[in-house]
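Just so it is clear, the model here is predicted, and its values are computed rather than measured. Per chain, numbering begins at 1; letters A, B, ... match sequence-line order.
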Amino acid sequence: MQCTVVSMPAAYLQRSYWEDSRLGPRYDPESIEKKWQEIWKEEDIFKVTEGGAGRKYYLLEMFPYPSGKIHMGHVRNYSIGDVLARFLKMNGYNVLHPMGWDSFGLPAENAAIQNNIHPAKWTFDNINNMKSQLMRLGLGYDWDREIATCAQTYYRWNQWFFLKMYEKGLAYKKLSSVNWCPGCSTVLANEQVEGGLCWRCESSVEKKTLQQWFLKITEYADELLEYCDKLDGWPDRVLVMQRNWIGKSTGAEIDFPVTNSERSIKIFTTRPDTLWGVTFISLAPEHPMVDTLIEPRKEDAGIREFVERIRKQGCDERTGALSEKEGVFTGAYCINPLTGLKVPVYVANFVLMEYGTGAVMAVPAHDQRDFEFAKKYGLPLKIVINPLDRTLSPDTMEAAYEGDGHMINSDRFDGLDNRDAMPAIVDYLEERGIGRGVTTYRLRDWGISRQRYWGCPIPIIYCRSCGTVPVPYNDLPVILPEDVVLTGKGGSPLEHLDTFRSVPCPDCGGPATRETDTMDTFVDSSWYFLRYTSPNMEDGPFDTAAANFWMPVDQYVGGVEHAVMHLLYARFFTKAIRDIGLLECDEPFKKLLTQGMVCKEILRCPTHGYVSPEDMAEDKCKVCGETIERGQIEKMSKSKKNTIDPDRIIGRYGADTTRLFSLFAAPPERDLEWSDEGVEGSYRFLNRVWRLIDERLQDISDITPYDGAQPLDKSLKELHHLVHRTIYKVTVDIEERFHFNTAISAIMELVNAIYLWEGIGEDTLSKSVLREAIETVVKLLSPFAPHICEELWERLGNESLLSKSTWPSYTKDALMREEVTIVVQVDGKLRAKINIPTDTPQKTVEEAVLDNEAVTRWVADREVRKVIYIPNKLINLVIR
RNA sequence: GCCCGAGUGGCGGAACUUGGUAGACGCACGGGACUUAAAAUCCCGAGGAGGCAACUCCGUGGGGGUUCGAUUCCCCCCUCGGGCACCA
C-alpha cells in the first residue's frame, strides 16, 4: 500500500498561508500562468505580418534539436529572447519572433535502434512535448510560423538549394581524405572535429578516403573574412574564432625544379624573404610526387615503410604539437630557383597535404619546426635575416629566429628590411617566371555527405550512361522513405532499400541509382531564418519580398558553441542565396548575443562517481554511505548528474519565477551558476510584488496615475522621481546592454522603496503618485515575469491587456534631483558628504565644505593648494 | 606556445562605456516585531582590523607607474576559464 502522508506538509503550509492572508487571494502561479497563456493565445498577440505597425525587428533564438525535453540552457536562451520580444513589442516595434525545430539528426536514429521506434515518430513526439514545455514558459512566439526541418515542405528546399549550387559549381563531388567518426558511422566536416574528436560523441576521428559531396564555401572565404570587420554587433571572440578558422595568409608559390627530372616541386611560403636560407625541402607523406621521387631507391625499405606508417596515422597522432618531428630523405634533390643551389628533398610528418601545396621550403634558421628537424637530421642552417640588436650565428643558435630584421646573404636584397623586401621578392619571382604571389586559406570546402538515414536526401542520380545527373526540379522533393528498418549495422538503410535506390535516369530513362547519402544537418540550419519569413511558401524556399522585408535578423541569441560551425555555414548560405538572386542582404545576423552556459556544482561519491542530489542524504551516498565530495561548478550535463529539470522548477514555483531567476542570477553572456536558494529568492520577490499590490489595492483603485501636471511636495516628488529613474535604468539596461540582472535589481529597489514609502494620504494626489509607481513596477517587470504582471494589471482595474500596452516613458524633469549628495575629499580621501541643491556653484560648495567640521579637521590650518570640483558629484581639496 | 575573457564580501553579482562615495540587488547569516510556538511575513544589521564610542587604518589576484583621485588607464607578473595549435 502506498503511503500518502508525504504530501501533508506542503498542503498544510498552503492552507495556513491562505488563512493568514487578510485581503486578496494568494499568488498562485499555476492558475495565473495557465489563464494568461490561454488569453494570449486567443488574442493572438504574438502574430506578426509584414504590414504590421511599427519598425520591423527580427528577433531570433537558435532553434532547438528536439531531444525530448527542454533543459535549463533552453530556458535561459528563450527567456532572454522573450524579454527582448516583449520589451520591443511594448516599444512599438513590429517584432518577428518565430520558433521551430532542427529536427533531422542522429539521436533520432539511435533512439530508433535502441527502442524500436521510428525516427519520425520519435521526433514528432519530442516536438510535441517540447513545444508544450516552451508554451508553459509563456514564451511569446508566432507559432503560425513554426517549422520543422525534417518536414518534406522544408527539406525539399535544401534539395533545391543544392541543385542551384550544383548548377553554379558550388556543389561538387570529389574523392578525398575525410574525417570518419566510428561512433556516428559517418563522415564529419572539418568544423565538426574538435581536437581530433567528434563534436557530438567525442570518438577519435579517423581518416578515410571517400567520394563525398562538398559545398564550395572557400569561394566565399574572402568575403566571409572581410565582413567580419563589418559585424560590429557580434562579440569579438566569435569574430576572432571565425577569422582564425578562415585562416587567410598571403605569400608566394615557388617552383623548385627536381634535378635529373622534368618536374618541379611547388611550395608555398609566407616568408619569401627567407628564400636564400633554404637548406632542404619537406614534403607531406601524401604528396603525389613522393612515390615517384623515391622510385630510384625503392629497394631501400626504410623509406617506404616510413611513408606508409605516417600516412596511416590518425589526425590526432599527427597534429599534436607535442609529437616528435620525423622524416626521411627521399634520395632526390631539387634546385633553389633563385640561388641555383641544390637542396635535398625530405618527407616529413609535420607537413600537411591539406594546407598550401603540401610541400614546404625549409629554412631552419628562421622557422622553429625546420630548426628542430634540421638539428635532428644534421642539416645545415643558413642565416638570412639578422635582428637589429645582435648577430646570429648558426653554431650557437638554440632556436630559430622568426622575428624581423635586415636581410643578409641574399644577393641584391641584402641590407633591406625583410618586411619591405617581401613584395619586392614576389615581384622578382613573377618577373622571372619561377613563382607568384598567392593567398591561401585554412578553410576547407564543406563536406556535407552523411552516411546516415535521418537527414535530407542529396538529390542526385547516377546513371551508367549519363553519369552524375541532378534530380530535375520538377521531381523534387526526393522523399526520405519511411519504410526502413534501422539496425545500426551495415551502413545507411537507404543503400539497401531498392525502392528508393533504383530509379530511371531522368535523362535517358535507363536504369540508374540514387545517391544514398543524406546532407549534414547543418545545411538545414543554414537558412531556416529565411524560411520563417514565409513558412508556408510553396513555390520556393521563401518569399523574396518577405525575406527582404525582415532580413537581416536584427538580434540573434544562442550559445557560443556554434561560433564556427553554424554561424559560418549560415553566413555562407546567405551569401550564396544572395548570389542565386533570391535575397538582398549580405549577412544574416546583424547582432549576436552569445549566452553563457548554465552550470551547477557536481557531486561525487568515491565509489559511485557522479551522483545527483537525490542520491545524497546529509552528505552521504544513499547507496553506499560514503561521504560525498562537493566538486567544481560545471556545465549541466546528464553524464555529470548535475542537471535541473525545468519542469520541476516550473511545477514548484511557476514559469515566471523560473524565467526571473535565469535572468537575474548573471548577465546573459556569462555562465550562470544554478542556485536553489536563488530561485527561492526570485519566488519570494514575486510574492512581495503580489502582496504590495494586494495591500495597496484599496488605496489606489479608481485612481488615475500621476501625469506630472500638478506640483508635488517633497515626499511625493521623491517617489515620483525614483519611478522615473527606474524606468530610465531598466530601459537602458534592456535595450542597450542586455543586463537583465541589473534591470531586475532596479525594479527590486523600486519595490522596496514603495514598501517603505510613507507619503500616502487620503488625498487623490498622493494616491495618484502611488498608482503611477505601482503601475510602473508592473509594466517594467512584465517582460521578465509576464503572467503575474498581466494578472496584477487586471487586478488594478485595467481593461486592456498589459501585453498590448506601451512601455512607460520617463521625463527628463523627473530624472533631475533637487538635492544632490556631494562627496568631499581631502587629498583624495573621502572625509565627508554634504547634501546641497543641484547645480550649486563651486564657490558656494567650497564655503559649505570649509564650514564642515569633519572637513576642517583634516585641513586644519594648512593651505588649500588646489580644489577639484565635479559639479553635483565631488569636491576634492588638495592640501599636500 | 599564440589569441581572447575573467579574477571584487561567506556566495551570485553591482559600479568599469566617460577615472570621482567600492560592495547596488539577491542569496546565506545575525538581531528584532508578529505568533502559544514554528513557518511565512515585516523591519533592522552586516567587507576586514582596532576602539565603549566618535572615529581611524586596511581593502577590488600580486608588484610598479600616471593622476588631486585608479576596481576603471599604462607596464610587468600570478591564477582560472575558453578558443586555436606543427597552417609553412
Side-chain angles (χ1 to χ4, degrees), chain A residues 9 12-13 16-17 20-21 26 194-195 235-241 243-245 247-249 251 267-271 274 282 284 318-325 348-352 354-363 367-370 372-373 440-442 560-561 563-564 596-597 632-633 661 664-667 669-682 684-685 687-688 691 736-737 739 741-749 751-752 755-756 821-830 832-833 854 857 865-870 873-880:
Chain A
Y12 176 76
L13 259 176
S16 63
Y17 179 42
D20 276 357
S21 173
R26 73 182 178 93
E194 297 175 342
D236 270 344
R237 57 180 186 138
V238 174
L239 293 173
V240 166
M241 283 159 77
R243 286 193 192 101
N244 287 344
W245 190 261
K248 178 177 181 169
S249 53
I267 62 93
F268 172 73
T269 182
T270 55
R271 291 291 303 272
T274 59
S282 306
R318 261 288 278 281
T319 55
L322 303 168
S323 74
E324 177 85 0
K325 305 216 169 0
N349 65 340
F350 65 89
V351 181
L352 307 173
E354 297 89 52
Y355 186 81
T357 59
V360 184
M361 65 178 215
V363 187
D367 182 287
Q368 187 58 26
R369 295 157 304 185
D370 297 340
E372 286 169 32
F373 194 87
T440 56
Y441 300 88
R442 209 184 79 113
V560 74
E561 66 272 18
V564 176
M597 301 179 296
Q632 292 198 304
I633 313 291
F661 174 73
F664 178 62
E669 68 277 9
R670 266 212 243 177
D671 286 350
L672 182 154
E673 188 189 328
W674 186 262
S675 147
D676 291 330
E677 294 80 13
V679 179
E680 199 85 42
S682 295
R684 208 146 44 206
F685 172 67
N687 269 292
R688 198 167 147 82
R691 267 192 313 274
E736 287 176 20
R737 312 197 314 159
H739 278 202
N741 55 332
T742 52
I744 294 166
S745 74
I747 302 170
M748 287 174 168
E749 281 180 79
V751 169
N752 291 345
Y755 260 97
L756 296 176
T821 303
I822 295 212
V823 172
V824 186
Q825 296 182 338
V826 178
D827 282 336
K829 291 208 172 190
L830 173 72
K833 290 177 194 179
R857 256 184 34 223
R865 287 189 15 222
K866 195 174 172 187
V867 177
I868 285 129
Y869 180 62
I870 312 289
K873 217 163 198 178
L874 171 140
I875 185 161
N876 186 11
L877 308 177
V878 185
I879 308 290
R880 265 194 319 248

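Among the heavy atoms of the strands, none lies under 4.0 Å from A:Gly247. Looking at heavy-atom distances under 4.0 Å, A:Leu672 makes no contact with the nucleic acid at all. A:Glu673 comes within 4.0 angstrom of sugar-phosphate atoms only, judged by non-hydrogen atoms across all strands, and of no base. Residue A:Asp671 is in sugar-phosphate contact alone, with no base atom involved, counting any heavy-atom pair closer than 4.0 Å across all strands shown. In this structure, A:Thr270 reaches the sugar-phosphate backbone alone: every heavy-atom distance under 4.0 Å involves primed, P, OP1 or OP2 atoms, never a base. Within 4.0 Å of A:Phe664, counting heavy atoms only, lies at least one base atom of the nucleic acid. In this structure, A:Ser249 reaches the sugar-phosphate backbone alone: every heavy-atom distance under 4.0 Å involves primed, P, OP1 or OP2 atoms, never a base.
Base orientation at B:rG83 is anti, since its O4'-C1' glycosidic dihedral falls outside 90° of 0.
Remark: P of B:rC84 and NZ of A:Lys248 are 22 Å apart, rounded to the nearest angstrom. Distance CD1 (A:Ile868) to P (B:rG19): 15 Å, rounded to an integer number of Å. Protein atom NZ of A:Lys833 is 13 Å distant from nucleotide atom C1' of B:rG20, rounded to whole Å. A:Asn741 has its CG atom 13 Å from the P atom of B:rC16, to the nearest Å. Here the P atom of nucleotide B:rC4 and the CZ atom of A:Arg237 are 14 Å apart, to the nearest Å. For A:Leu830 and B:rU21, the CG to C1' distance is 6 Å, given to the nearest whole Å. Atom CZ in A:Phe350 sits roughly 9 Å away from atom P in B:rC87 (whole-Å rounding). Rounded to an integer number of Å, the gap from A:Arg688 CZ to B:rU41 P is 10 Å.
Pair assignment for B:rA6: B:rU79, on the basis of Watson-Crick or G-U wobble contacts that are both within less than 3.5 Å. Partner assigned to B:rC25 is B:rG12, using Watson-Crick or G-U wobble distances below 3.5 angstrom. Remark: B:rC52 base-pairs with no nucleotide; criterion is Watson-Crick or G-U wobble with both hydrogen-bond distances under 3.5 Å. As the counterpart of B:rC84, B:rG1 is assigned, both hydrogen-bonding distances of the Watson-Crick or G-U wobble pattern falling under 3.5 Å.
Aromatic pair A:Phe685/A:Phe664: centroids not less than 6.0 angstrom apart.
Among B:rG26, B:rA14, B:rU21, the nucleotide with an atom closest to any side-chain atom of A:Met748 is B:rG26. Which of B:rC84, B:rG20, B:rC44 sits closest to the side chain of A:Arg442 comes down to B:rC84. Taking the side chain of A:Pro667 as heavy atoms from C-beta on, and the options B:rA14, B:rG26, B:rG20, the nearest nucleotide is B:rA14. Here B:rU41 is the nucleotide among B:rA14, B:rU41, B:rG20 with the atom lying nearest to any side-chain atom of A:Arg684.
In this structure, A:Asp671 contributes its side chain and A:Met597 its backbone to a donor-acceptor pair below 3.5 Å.
For A:Arg737, a side-chain nitrogen or oxygen approaches OP1 or OP2 of B:rA15 to under 4.0 Å. Contact annotation: A:Arg691 reaches the phosphate of B:rC42 (side-chain N/O to OP1 or OP2, under 4.0 Å). Listed pair A:Lys873 / B:rG20 fails the phosphate criterion, with no side-chain N or O lying under 4.0 Å from OP1 or OP2. Put simply, A:Asn752 has a side-chain N or O that comes within less than 4.0 Å of OP1 or OP2 on B:rG26.
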Check the pair A:Ile868 / A:Gln825 against side-chain contact (heavy atoms from CB on, under 4.5 Å), numbers first and verdict last.
-> CA-CA 9 Å; A:Ile868 285 129; A:Gln825 296 182 338; over 6 Å; no
Salt bridge (charged side-chain N to carboxylate O under 4.0 Å, His left out) between A:Asp367 and A:Arg369, intermediate numbers included | CA-CA 6 Å; A:Asp367 182 287; A:Arg369 295 157 304 185; 2.6 Å; yes
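The side-chain tip of A:Lys325 does not point at the ring of A:Phe373 from less than 6.0 angstrom away and within 45° of straight on.
Comparing A:Ser682 and A:Tyr355, the nucleotide of RNA chain B nearest to each residue sits closer to the 5' end for A:Ser682. When each of A:Thr742 and A:Met361 is assigned the nucleotide of RNA chain B bearing its nearest heavy atom, the one mapping closer to the 5' terminus is A:Thr742.
Rounded to a whole angstrom, the distance from the C1' atom of B:rU60 to that of B:rA70 is 11 Å. B:rC77 and B:rC84 have their P atoms separated by 25 Å, with the value rounded to a whole Å.
If you check the side chains of A:Asn752 and A:Arg688, you find a donor sitting under 3.5 Å from an acceptor.
For the side-chain contact (heavy atoms from CB on, under 4.5 Å) with A:Tyr869, the qualifying choice from A:Asn876, A:Leu874, A:Ile822 is A:Ile822, the only one to do so.
No N or O donor and acceptor, one from the side chain of A:Glu677 and one from the base of B:rG26, sit under 3.5 Å apart.
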